[in-house]
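Below: one structure, written as C-alpha cells.
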Amino acid sequence: MTDCIVLLNLITVYTQRTERIAGPGVTMPCYSLRNIIKYPRAVLRTILVVANNIYCVPTYLVWMFLLLPLRKIHETYYYRIEGILFHWLLANVSMWSWTAGYEVVEMGDDITTAFDKRTLVLANHQSTSDVPLLMAAFNAKKGILPNIMWIMDRLFKYTNFGAVSLVHQDFFIASGKNNREKSLQQLKSHIRQCYVPRKRKWMVLFPEGGFLRKRKEVSQRFAEKNNLPVLNNVTLPRVGAMKAIMDMLGAPNDMNVCSSSSTTTNPSLVGCGSVGGGQDAVKQSASNSTIISSKAINKDDDDCDTCKDASYALLNGQSGGCLEYVLDITIAYPQGVPLDLPNIVHGMRDPCQTFLFYKLYHSSEVPRDSESLTQWLYNRFYEKEKLLEEFYRTGSWPASCTIPPTAVHQDLLRFLLIHLFFITSTYVHLQLILMLINYTNVMCVYMLS
C-alpha cells in the first residue's frame with residue numbers, strides 16, 4: 001500500500017517540477033499527465049486509507065483485548081505495549097500526509113530537553129489537519145507518541161479513532177458553557193486517575209476550543225466589547241482547561257500551595273501546584289504590550305479559581321509527576337489556507353509545507369492565579385497573531401530561531417514494517433476468530449447429538 005501511494009506521489013511531484021522549469025507560458029505533456037493521474041490517484045489514496053483504517057484499528061483493539069490478562073498481572077507492561085501500538089497507529093496517520101507531499105517544517109526553540117518530561121503542548125487550531133500534522137511531527141521523535149494524552153472534543157469519541165483513544169485514555173472534553181464546569185472537574189479526575197498513574201508525559205491542548213473559522217467572529221466580538229486586540233489569524237483562548245491542568249500538576253520548583261484565598265501555605269504540600277513559582281511570569285506578562293483588566297476576563301472560563309486540588313502527583317507521593325514544561329506551538333499553513341483531513345486522505349491539493357514554530361517555557365515561568373494566567377495565555381496568542389501576520393505577509397520567520405527551519409524526516413522502511421505487522425496481525429486474528437467459530441459449531445453439534 002505504501003509503495004503505491006509513494007510512487008503516485010513521486011510522479012505528481014516530478015510533473016509539477018517539470019512544469020515549473022518549463023515556465024507558465026509553455027504547454028508541456030507533463031502538465032496533462034498530472035491532470036490525468038490526479039483523480040485516479042485521489043480515488044486510490046482514499047481506498048487505501050480506508051483499508052488502512054480497517055486493518056489497523058480493529059487489530060489494535062483485538063491485541064488490547066487479548067492482553068487484558070497482562071493488565072491484571074502487571075499493568076505497567078500492559079500500557080507500555082499499548083503505547084507502542086498506539087504510536088504505530090499514529091505513524092500510519094503520519095504516513096498519509098507525508099505520502100501526499102504535505103511536509104512539516106519545524107523551527108524555533110530546541111525542544112529535545114522536553115521529550116521525556118511532563119510537558120503541556122498548546123497549539124492554535126485552524127482545521128482538521130492540525131492533529132495529523134502534529135502526529136507527523138511527533139512521530140519522528142523518540143518516546144513522545146507512546147506517552148501522549150490528547151485533549152479533544154467529545155464528538156471525536158464517535159469516530160473510528162474514538163475507541164482507540166478510549167483505550168489509550170485520552171480525554172474528551174464537552175464544549176459549551178453549560179458543560180464547562182463539569183468538564184473541567186472531569187479533566188482533573190482524569191489527570192488524577194489516568195494521566196499520572198499511566199506515567200504519561202506530553203499532553204496536547206487547543207486552548208481556542210474550536211477551529212478558527214468557527215470561533216473567529218465570536219472572539220472578535222468579545223475583543224471589541226472588552227477593548228482587547230481584534231485577532232484575525234487566531235482567536236482568544238479559553239483558560240479553564242489550562243488552569244485545571246496547572247492546578248493538578250503544578251511545577252517542580254513551586255514552594256507554596258495556595259488555599260482558596262491563594263495566601264496560605266500548607267507545609268505538608270511543599271513542592272508543586274502553587275502560585276509561588278509563577279511570580280517571574282507575572283512580571284513578564286506585565287511587561288508585554290497588551291494588559292488585560294480583570295473585567296475583561298471571561299468568568300465563564302475560570303472554573304478553577306482555587307488550588308485546593310493542587311498537584312495530585314505530589315499528594316500521591318510522586319514528586320516526578322509535576323509538570324515541567326509548557327510548549328507553545330504556532331501552526332502556519334501556506335498563504336494562511338489550512339489543509340484539512342479530506343486533503344490529507346485524497347491528496348488532491350498540491351504538495352506544500354506546514355510550519356510549526358516552537359516556544360518552550362519552564363512551567364515555573366507560568367503564573368497560577370486566574371487573572372495572571374489569563375494574561376499570560378492571552379499574550380501567547382497575541383504573539384501568535386503577530387508571527388502569523390508577518391509570515392503571511394513576508395513568508396519569513398524571526399531570525400533568532402535556535403533551530404532554523406528543518407523539514408521533519410519520516411522513515412519509509414519503518415512505515416513498511418509497521419504495515420507488515422498490522423496486516424500479519426489481522427490475518428492471525430481472523431484465523432483465530434474462524435477457529436473459534438468452528439470450535440463453537442463443533443461443540444454445538446456435539447451437544448445436540
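When a residue number appears, it is its place in the shown sequence, counting from 1.
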Problem set entry | Asn226 side chain to Phe222 backbone, donor-acceptor under 3.5 Å | yes
For this session: State, yes or no, whether a side-chain contact exists between Tyr382 and Pro229 at a heavy-atom distance under 4.5 Å.
Result: yes
Exercise. Has the side chain of Tyr102 got a donor or acceptor atom that lies under 3.5 Å from a matching backbone atom of Arg349?
Worked result: yes
Exercise. How are the rings of His362 and Tyr325 set to each other: parallel, tilted or perpendicular (split at 30° and 60°)?
Worked result: perpendicular
Exercise. What are the two closest non-hydrogen atoms of Phe357 and Met107, and how far apart are they?
Worked result: CD1-CG, 3.4 Å
For this session: Just jot down the side-chain hydrogen bond (donor to acceptor under 3.5 Å, both in side chains) partners of Asn147, sequence neighbours excluded, or say none.
Result: none
For this session: Report the relative orientation of the aromatic rings in His74 and Tyr77; use parallel for angles under 30°, tilted for 30 to 60°, perpendicular for over 60°.
Result: parallel
Problem set entry | Minimum heavy-atom distance between Leu228 and Tyr378, given as atom pair plus value | CD1-CE2, 3.9 Å
Exercise. Rounded to the nearest 0.5 Å, how far apart are CZ of Arg154 and CD1 of Ile173?
Worked result: 10.5 Å
Exercise. Are any non-hydrogen side-chain atoms of Leu356 and Val105 less than 4.5 angstrom apart?
Worked result: no
For this session: Answer yes or no: is there a side-chain heavy-atom contact under 4.5 Å between Phe172 and Asp153?
Result: no
Exercise. Step by step, would you call Glu383 with Asn379 a side-chain hydrogen bond (donor to acceptor under 3.5 Å, both in side chains)?
Worked result: CA-CA 6 Å; Glu383 291 172 1; Asn379 284 332; over 6 Å; no
Exercise. Looking only at atom types and distance, does a side-chain atom of Arg215 sit under 3.5 Å from a main-chain N or O of Arg213, one as donor and one as acceptor?
Worked result: no
Exercise. Which pairs count as salt bridge (Lys or Arg N to Asp or Glu O under 4.0 Å) when at least one residue sits in residues 101-110, sequence neighbours excluded?
Worked result: Glu106-Lys141
Exercise. Is Glu390 paired with Arg393 through a side-chain N to carboxylate O contact shorter than 4.0 Å?
Worked result: yes
Exercise. Checking side-chain hydrogen bond (donor to acceptor under 3.5 Å, both in side chains) for the pair Asn232/Gln220: CA distance, chi angles, key distance, verdict?
Worked result: CA-CA 8 Å; Asn232 295 300; Gln220 290 179 341; 3.0 Å; yes
Exercise. Does a side-chain heavy-atom distance below 4.5 Å link Phe115 with Ile111?
Worked result: yes
Problem set entry | Separation of Leu120 CG from Leu327 CG (nearest 0.5 Å) | 9.0 Å
For this session: List the atom of Leu90, the atom of Met135, and the distance in Å for their closest heavy-atom pair.
Result: CD2-CE, 3.7 Å
Exercise. Do Glu208 and Val234 touch side chain to side chain, with heavy atoms closer than 4.5 Å?
Worked result: yes
Problem set entry | Heavy-atom closest pair, residues Asn53 and Pro58 | O-CD, 3.4 Å
Problem set entry | Carboxylate-amine/guanidinium contact Glu224 Arg221, below 4.0 Å | no
Problem set entry | Side-chain H-bond candidate by donor/acceptor type, Ser189 with Arg192, under 3.5 Å | yes
Problem set entry | Nearest-0.5 Å distance, CE of residue Met203 to CD1 of residue Ile148 | 10.0 Å
Problem set entry | Any side-chain heavy-atom pair of Leu323 and Thr119 under 4.5 Å | no
For this session: Test side chain to side chain contact (heavy atoms under 4.5 Å, CB included) on Met152 and Asp170 and set out the steps.
Result: CA-CA 8 Å; Met152 63 193 84; Asp170 292 325; 3.8 Å; yes
Exercise. What distance do Asn124 atom CG and Leu212 atom CG have between them, rounded to the nearest 0.5 Å?
Worked result: 8.5 Å
For this session: Taking atom types as modelled, find out whether Tyr79 and His168 have a side-chain donor-acceptor pair closer than 3.5 angstrom.
Result: no
Problem set entry | With sequence neighbours excluded, residues passing side-chain hydrogen bond (donor to acceptor under 3.5 Å, both in side chains) with Thr330 | Lys384
Exercise. Between Trp202 and Arg200, is there a cation-pi geometry (under 6.0 Å to ring centre, at most 45° from the normal)?
Worked result: no
Exercise. Would you call the rings of His190 and Phe171 parallel, tilted or perpendicular, where under 30° means parallel and over 60° means perpendicular?
Worked result: tilted
Exercise. What closest approach, in Å, do Ala241 and Leu187 show between heavy atoms, and which atom pair accounts for it?
Worked result: O-CD2, 3.8 Å
Problem set entry | Nearest-0.5 Å distance that lies between atom CG in Leu387 and atom CH2 in Trp397 | 6.0 Å
Problem set entry | Verdict with supporting geometry, Tyr60 and Trp88, ring pair (Phe, Tyr, Trp, His ring centres under 6.0 Å) | CA-CA 9 Å; Tyr60 165 90; Trp88 291 353; over 10 Å; no
Seminar exercise, completed: d(Ile433 CD1, Asn438 CG) to nearest 0.5 Å is 12.0 Å
Exercise. Given the rule in the side chain to side chain contact (heavy atoms under 4.5 Å, CB included) test, do Leu373 and Met242 qualify, once you have shown the distances and angles that lead to the verdict?
Worked result: CA-CA 9 Å; Leu373 181 60; Met242 184 175 180; 4.0 Å; yes
Exercise. Below 4.5 Å, heavy atoms only, C-beta onward: do Phe161 and Val93 meet side chain to side chain?
Worked result: yes
Problem set entry | Least distance between heavy atoms, Phe86 atom then Leu145 atom | CD2-O, 3.5 Å
Problem set entry | Over 12 foreign heavy atoms within 6.0 Å of CD, Glu217 | no
Exercise. For Thr440, which residues count as a side-chain hydrogen bond (donor to acceptor under 3.5 Å, both in side chains) partner, sequence neighbours excluded?
Worked result: none
For this session: Carefully, step by step, assess Leu133 and Ser97 under the rule side chain to side chain contact (heavy atoms under 4.5 Å, CB included).
Result: CA-CA 7 Å; Leu133 294 175; Ser97 58; 3.9 Å; yes
For this session: Assess whether side-chain hydrogen bond (donor to acceptor under 3.5 Å, both in side chains) is satisfied between Thr426 and Thr59, documenting all intermediate values.
Result: CA-CA 6 Å; Thr426 300; Thr59 295; 2.7 Å; yes
For this session: Answer whether the closest heavy-atom distance between the side chains of Arg380 and Tyr361 falls below 4.5 Å.
Result: yes
For this session: Could you give me the CA-CA distance, side-chain angles and deciding distance for Thr99 and Arg45, then say whether side chain to side chain contact (heavy atoms under 4.5 Å, CB included) is met?
Result: CA-CA 10 Å; Thr99 55; Arg45 278 186 59 89; 2.9 Å; yes
For this session: Could you tell me which residues satisfy ring-ring contact (aromatic ring centres under 6.0 Å, His included) with Trp150, sequence neighbours excluded, listed by chain and number?
Result: none
Exercise. Is there a side-chain hydrogen bond (donor to acceptor under 3.5 Å, both in side chains) between Tyr333 and Ser129 once you walk through the steps?
Worked result: CA-CA 10 Å; Tyr333 293 95; Ser129 65; 2.7 Å; yes
Exercise. Are Glu75 and Arg198 ion-paired here, with the side-chain N under 4.0 Å from a carboxylate O?
Worked result: yes
Under 3.5 Å donor-acceptor pairs involving side-chain atoms of residues 406-414, not counting sequence neighbours:
{"unit_1": "Thr406", "atom_1": "OG1", "unit_2": "Pro404", "atom_2": "O", "d": "2.8"}
{"unit_1": "Gln410", "atom_1": "OE1", "unit_2": "Asn139", "atom_2": "ND2", "d": "2.8"}
{"unit_1": "Gln410", "atom_1": "NE2", "unit_2": "Ala136", "atom_2": "O", "d": "2.8"}
{"unit_1": "Asp411", "atom_1": "OD1", "unit_2": "Leu413", "atom_2": "N", "d": "3.1"}
{"unit_1": "Asp411", "atom_1": "OD1", "unit_2": "Arg414", "atom_2": "N", "d": "3.4"}
{"unit_1": "Arg414", "atom_1": "NH1", "unit_2": "Asn139", "atom_2": "OD1", "d": "3.1"}
{"unit_1": "Arg414", "atom_1": "NH2", "unit_2": "His87", "atom_2": "NE2", "d": "3.3"}

